[in-house]
Protein chains: 2
Amino acid sequence: MNISRASDYAIRGLVYMAKQPAGTVCFVKDIAKNTNSPASFMSKIFQTLAKSAIVNSFTGTKGGFTFNIQPENITIKQVIEIIDGPILLNRCAVNKSACNEIGNCDVHYMWVDIRKILIKALNSYSIADFAKDKKNSKEVLSQSMQYS
Amino acid sequence: MNISRASDYAIRGLVYMAKQPAGTVCFVKDIAKNTNSPASFMSKIFQTLAKSAIVNSFTGTKGGFTFNIQPENITIKQVIEIIDGPILLNRCAVNKSACNEIGNCDVHYMWVDIRKILIKALNSYSIADFAKDKKNSKEVLSQSMQYS
DNA sequence: TCTAAATAAGATATGAATTATCTTATATTA
DNA sequence: TAATATAAGATAATTCATATCTTATTTAGA
């Protein structure tokens, strides 16, 4: 019921990138250093992000990563699904035939319901939301209050 | 971001128990058979449920499990936390000092927010909700619709 | 043009957690 | 008291998350 370290690192790494001037080519080395994460692991995470269309990668000296999609349009849900795979909660929430109960799964609709709520919440935040200055950061905070 | 097989089995097992007449002593063998799950695994799961105060266990012939708390008062969130451990989403959502970012974690408030939403949803369902007859099952269905 | 250096890509290894099974202890009843 | 039915506890296997190591690619300078 928790996100993986890899997803956490991915989000923090993308937020770091979004804080740089638009178009900056970022090195894994710097991304890792500024997010307190192991560079070798971050490297593999960014490989996966590059295979999806989220970021571009350039090999060789002066290579690195840039955004391929505006950080405003990258939601937390997208990042988690790229790194951790689809958010199902329970396998029966998506594929009813995967339910253990033959023909009649008691809990199917609950998982469909809760999944919808969770995905909506995860889609309500973008990477850009965390790259703003402190004034804007407080707006994020007050946005969170409306749910409490 | 998904619940474990163990939590899924636990929920289905408790729902099966809740469908029996109140006070019935249920055997793991029957619980497993009626939920399409491996009896040996279900046995270990019910050990854990018994260590928490959710169910009582009785050893020996005619032993088995009964509810120690009314199924109406056992929420899905409780079951998941007993089996899978605390629902954090991200470790920084609960313990801010566990954030990678030293002194200033960009995403902390997001995780606090989303966790609150998820836990509210998981607490809105009890084991008893799934032990009702078909007429009531449809009420659960329409309840789910209000979120869509 | 060749060599060195800096980078990402890809392959491999480690370790922890999940999932499952096997063995032991306990209680009942005939 | 012996046999049986049950849960409890110990152990094993598998999978997945996490991390590291090796290779390929590009650039720049000699």
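Lettering of chains follows the sequences in order, A, B, ..., and the numbering in each one begins at 1.
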Do A/Thr59 side-chain and D/dT25 base share a donor-acceptor contact under 3.5 Å?
no

So, is the end of the B/Arg12 side chain (NZ or CZ) under 6.0 Å from the ring centre of B/Tyr16 and within 45° of the ring's axis?
no

So, is A/Ser4 close to the D/dT18 phosphate, meaning a side-chain N or O under 4.0 Å from OP1 or OP2?
yes

Tell me what A/Phe65 touches on the nucleic acid: a base, only sugar-phosphate, or nothing, going by heavy atoms under 4.0 Å.
sugar-phosphate

Is there a side-chain contact between A/Ser43 and the phosphate of C/dA9, meaning an N or O under 4.0 Å from OP1 or OP2?
no

For the residue pair B/Ile127 and B/Met17, establish whether any side-chain heavy-atom pair is separated by less than 4.5 Å.
no

Could you check B/Cys26 against A/Ile3 and say which one's nearest nucleotide on DNA chain D is further toward the 5' end?
B/Cys26

Could you check whether any side-chain heavy atom of B/Ile31 comes within less than 4.5 Å of a side-chain heavy atom of B/Cys26, counting everything from C-beta outward?
yes

Nearest whole Å is fine: how far is C/dA8 C1' from A/Ile45 CD1?
14 Å

Flag yes if more than 12 heavy atoms outside B/Gln70 fall under 6.0 Å of its CD atom; otherwise flag no.
no

When the nearest nucleotide of DNA chain C is assigned to A/Gly63 and to A/Lys51 on a heavy-atom basis, which residue is associated with the more 5' position?
A/Gly63

Distance in angstrom units between A/Asn2 CG and C/dA17 C1', rounded:
13 Å

Could you tell me the separation between the CE atom of B/Met17 and the P atom of D/dA7, rounded to a whole number of Å?
11 Å

So CG of A/Leu88 and CD1 of A/Ile119: to nearest 0.5 Å the spacing works out to 8.5 Å

Calculate the interatomic distance between B/Met42 atom CE and C/dT21 atom P; express it in whole Å.
13 Å

When all nucleic acid strands are considered with a 4.0 Å heavy-atom cut-off, which category describes A/Phe58: base, sugar-phosphate, or nothing?
sugar-phosphate

The side chain of A/Phe27 is closest to which nucleotide in this list: C/dA8, C/dA9, C/dA5?
C/dA8

Rounded to the nearest Å, what distance is computed from the CD atom of residue A/Gln47 to the P atom of nucleotide C/dG10?
6 Å

Short side-chain N/O contact from A/Tyr9 to OP1 or OP2 of D/dT18, under 4.0 Å
no

How is A/Ser40 classified with respect to the nucleic acid when contacts are heavy atoms under 4.0 Å: base, sugar-phosphate, or nothing?
base

Closest to the side chain of B/Lys29, out of C/dA9, D/dT6, D/dA8, is D/dT6

Between C/dA9 and A/Ser57, is there an OP1 or OP2 to side-chain N/O distance shorter than 4.0 Å?
yes

Take the protein atom CE of A/Met1 and the nucleotide atom C1' of C/dA17, then report the distance between them rounded to whole Å.
17 Å

Using whole Å, report how far CG of B/Asp8 lies from P of C/dT18.
15 Å

Within the structure shown, what part of the strands sits under 4.0 Å from B/Phe41 by heavy-atom distance: base, sugar-phosphate, or nothing?
base

Taking NZ from A/Lys44 and P from D/dT20, how many angstroms apart are they, rounded to a whole number?
13 Å

Hey, are A/Asp113 and A/Lys116 close enough for a salt bridge, meaning a charged N less than 4.0 Å from a carboxylate O?
no

